Amino acid sequence: MEHTFTFEELSEDLRFLQLLSRSFPTIADASTEIINLEAILNLPKGTEHFLSDVHGEYEAFQHVLKNASGTVKRKVNEIFAHSLRDKEMKDLCTLIYYPEEKLQLVKRRERDIDDWYQITLNRLVRVCQNVSSKYTRSKVRKALPSDFSYIIQELLHESTIDPNKQAYTDAIISTIISTRRADAFIVAMCQLIQRLTIDSLHIVGDIYDRGAGAHIIMDTLCDYHHFDIQWGNHDILWMGAASGNDACIANAIRTALRYANMATLEDGYGINFLPLATFAMETYKDDPCTQFQSRTGVSDEQFDEKTLRLFAQMHKAIAIIQFKLEGEIIKCRPEFHMEDRLLLDFIDYKRGVIRLNGKEYPLTDTHFPTIDPADPYRLSPEERDIMDKIHASFINSEKLRKHMHCLYAKGSMYLVTNGNLLFHASIPLNEDGSFKHVRIGKKEYWGRKLLEKTDQLLRTAYFEVEGKPEKLFAQDYAWYLWCGPDTPSFDKSKMTTFERYFIADPETHHEEKGFYYTLRNQQEVCDRILQEFDVEPGPHTHIINGHVPVKTIKGETPVRADGRLIVIDGGFSKAYQPETGIAGYTLVYHSHGFQLVQHQPFESRQKAIEEGQDIKSSTSLVEYAQNRVMVRDTDKGRELRVQIKDLQKLLAAYRMGLLKEKE
């Protein structure tokens, strides 16, 4: 519908319209763009894919990305359900997921490879036509690989119903085969299908720690066509480490050693652990380090007894260093109110006990060769030298720097998109459900303002000039966000790392969760939070969280508060799978509604390729849209309508003579 504008309205916007006319210098140009944008508004919305808490499990992550949480398989089944056997459809899906590897297997067993090429290319064209149907030709064209752009466009946009066109497409495919370009073309088509199946990817926090391939996941994401991340507490820990906070660095190393996973640090980022290993072997050579044995079975890598012994020694060495560094921050930052975590002060080193909350507990390990009871938080000269060297490795790692820049550019503490509010963990609340006021510096922040302030501090920690007081405080606050109470990324009374290592009594291991984690099950609380972020509560708006694994094995459900809240941390990390009973949830939001996908553990990339083993997943419908969701119903649609109105103003300015068309 064309708007009418007065001369006065257009005169007020004349400066802006003059700038806009540079892109659309004629009435024809502006009109064509309006027609194009109006057409886009009437396309189905693109598919959004939500993942959370992938924790370095790169093989499972990449597979879920390739199969789009079963979306590719569903489309193949819809297209070929009545024409292909189950095995043929499974083989086609595996080819789409892993084209290079699958091609090698096929060429070993196929006697008539040209016939297989002919059949397969036709099938891939049909799948590609299906997944590209909700996009404009322009958007599809931008996604095409340059080598085959023209050919793919011809195949996608020609109908095979017309006999003449069928002969035309057959000739194209035959020529691809005869010129020995079939393999490269198949790879290009499969990658295009993967790309077009998912329009945008949302990572609701925690890429890092536990699994062996966080750096591989970051490589994948940095090259992904459209993604965003809502930082989780483990991501924030690494952001603090990359900014130069030594307590964050020590925590990241300790976590890696706990899970016998040094791949991300050593192979991914080139961190040199020789000084730490040498120090640990000497300092703890007669120490069994029983409490510091790595959790085996979580890492895919197998280690001999000697290596595991070294890991335990390194693990204890860096843990002690961590407790000292954290103590330094707590004493330097009294505004953090964490004096109760100065646990090295509460130890009776002669008797081997610690006094907490008026009660004494025996320590399970009393060998502290580097701690001076008179000054327990002072690093020994050897420990300081180790941290200086490791600090330099973190700061100077080019790969880590690249990944951090990607994380900052594509990340934030929260995101509002298409009626959904995404954040990783918590919005600190009081017991009555009101927003908890948290003091940072001289001001108090709560709700949305608290997340925005912590977002700003994390950026200051990394990007501010070295040595400035603002940067030093922000670096320490990054550590506080990892383990401090009243934070949206943690929101627990304390992190009981020391107690879990040194005290057997499980009552000391308890970490009291903030009120958010129980109150979020109430619809009225979720509605209040949505309103705080300018999201109008309703049946089609949601809060999407990760952080706390949903223990499906105990009957917990990811959909809560009458559908207002969806928690999609279901145990992507192998460390959590015994607790959850599954291997993660993912969420898919397409033009027909929301689908929650529950995954079973992923065996391996190799089995997926050789045996066609897909992740076993079950899909449940969270919400069905009676009327298909179109682009006009989305945030993008609102942006496009603003652009259309501006272009209509430009047309009116041309027609009224306020602006002259350019040659």
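None of these values were measured; they are calculated from a predicted model. Basis for what follows: all heavy atoms, side chains included, without hydrogens, waters or symmetry-related copies.
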> Has Glu398 got more than 12 heavy atoms of other residues, nucleotides or ligands less than 6.0 Å from its CD?
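Check fails, neighbour count at 12 or below.
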> Could you list the residues that satisfy ring-ring contact (aromatic ring centres under 6.0 Å, His included) with Phe61, not counting sequence neighbours?
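Testing Phe61 for ring-ring contact (aromatic ring centres under 6.0 Å, His included), a comparison that skips the adjacent residues, returns none.
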> Backbone N or O of Asp53 within a donor-acceptor pair of the His424 side chain at under 3.5 Å?
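Flag not set: sc His424 to bb Asp53 has no pair under 3.5 Å.
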> Rounded to the nearest 0.5 Å, what separation is found between the CD1 atom of Ile330 and the NE2 atom of His337?
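It is 12.5 Å, given to the nearest 0.5 Å.
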> Under a 3.5 Å threshold, yes or no: a donor from one side chain and an acceptor from the other, between Gln313 and His315?
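There is no such pair between these side chains.
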> Taking ring-ring contact (aromatic ring centres under 6.0 Å, His included) as the test, write out the residues that go with Phe368, two or more places apart.
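Checked Phe368 against ring-ring contact (aromatic ring centres under 6.0 Å, His included); matches are Tyr349, Phe502.
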> Could Arg355 and Asp348 be called an ion pair, given the rule that one side-chain N must be under 4.0 Å from one carboxylate O?
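No salt bridge links Arg355 with Asp348.
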> I'd like to know if the side chain of Glu511 and the backbone of Thr496 have a donor-acceptor N/O pair within less than 3.5 Å.
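Here the side-chain-to-backbone pair exists.
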> Consider only side-chain N and O atoms of Glu470 and Thr460, and report whether a donor and an acceptor are under 3.5 Å apart.
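Not at all, the side chains of Glu470 and Thr460 share no donor-acceptor pair under 3.5 Å.
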> State whether a side-chain donor-acceptor pair under 3.5 Å links Tyr58 with His63.
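No, His63 and Tyr58 have no side-chain donor paired with an acceptor closer than 3.5 Å.
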> Specify whether Tyr208 and Trp238 have parallel, tilted or perpendicular ring planes, treating 30° as the upper limit for parallel and 60° as the lower limit for perpendicular.
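Judged by the thresholds at 30° and 60°, the geometry between Tyr208 and Trp238 is parallel.
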> Would you please name every residue forming a side chain to side chain donor-acceptor pair (under 3.5 Å) with Tyr445, sequence neighbours left out?
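Tyr445: no side chain to side chain donor-acceptor pair (under 3.5 Å) contacts found.
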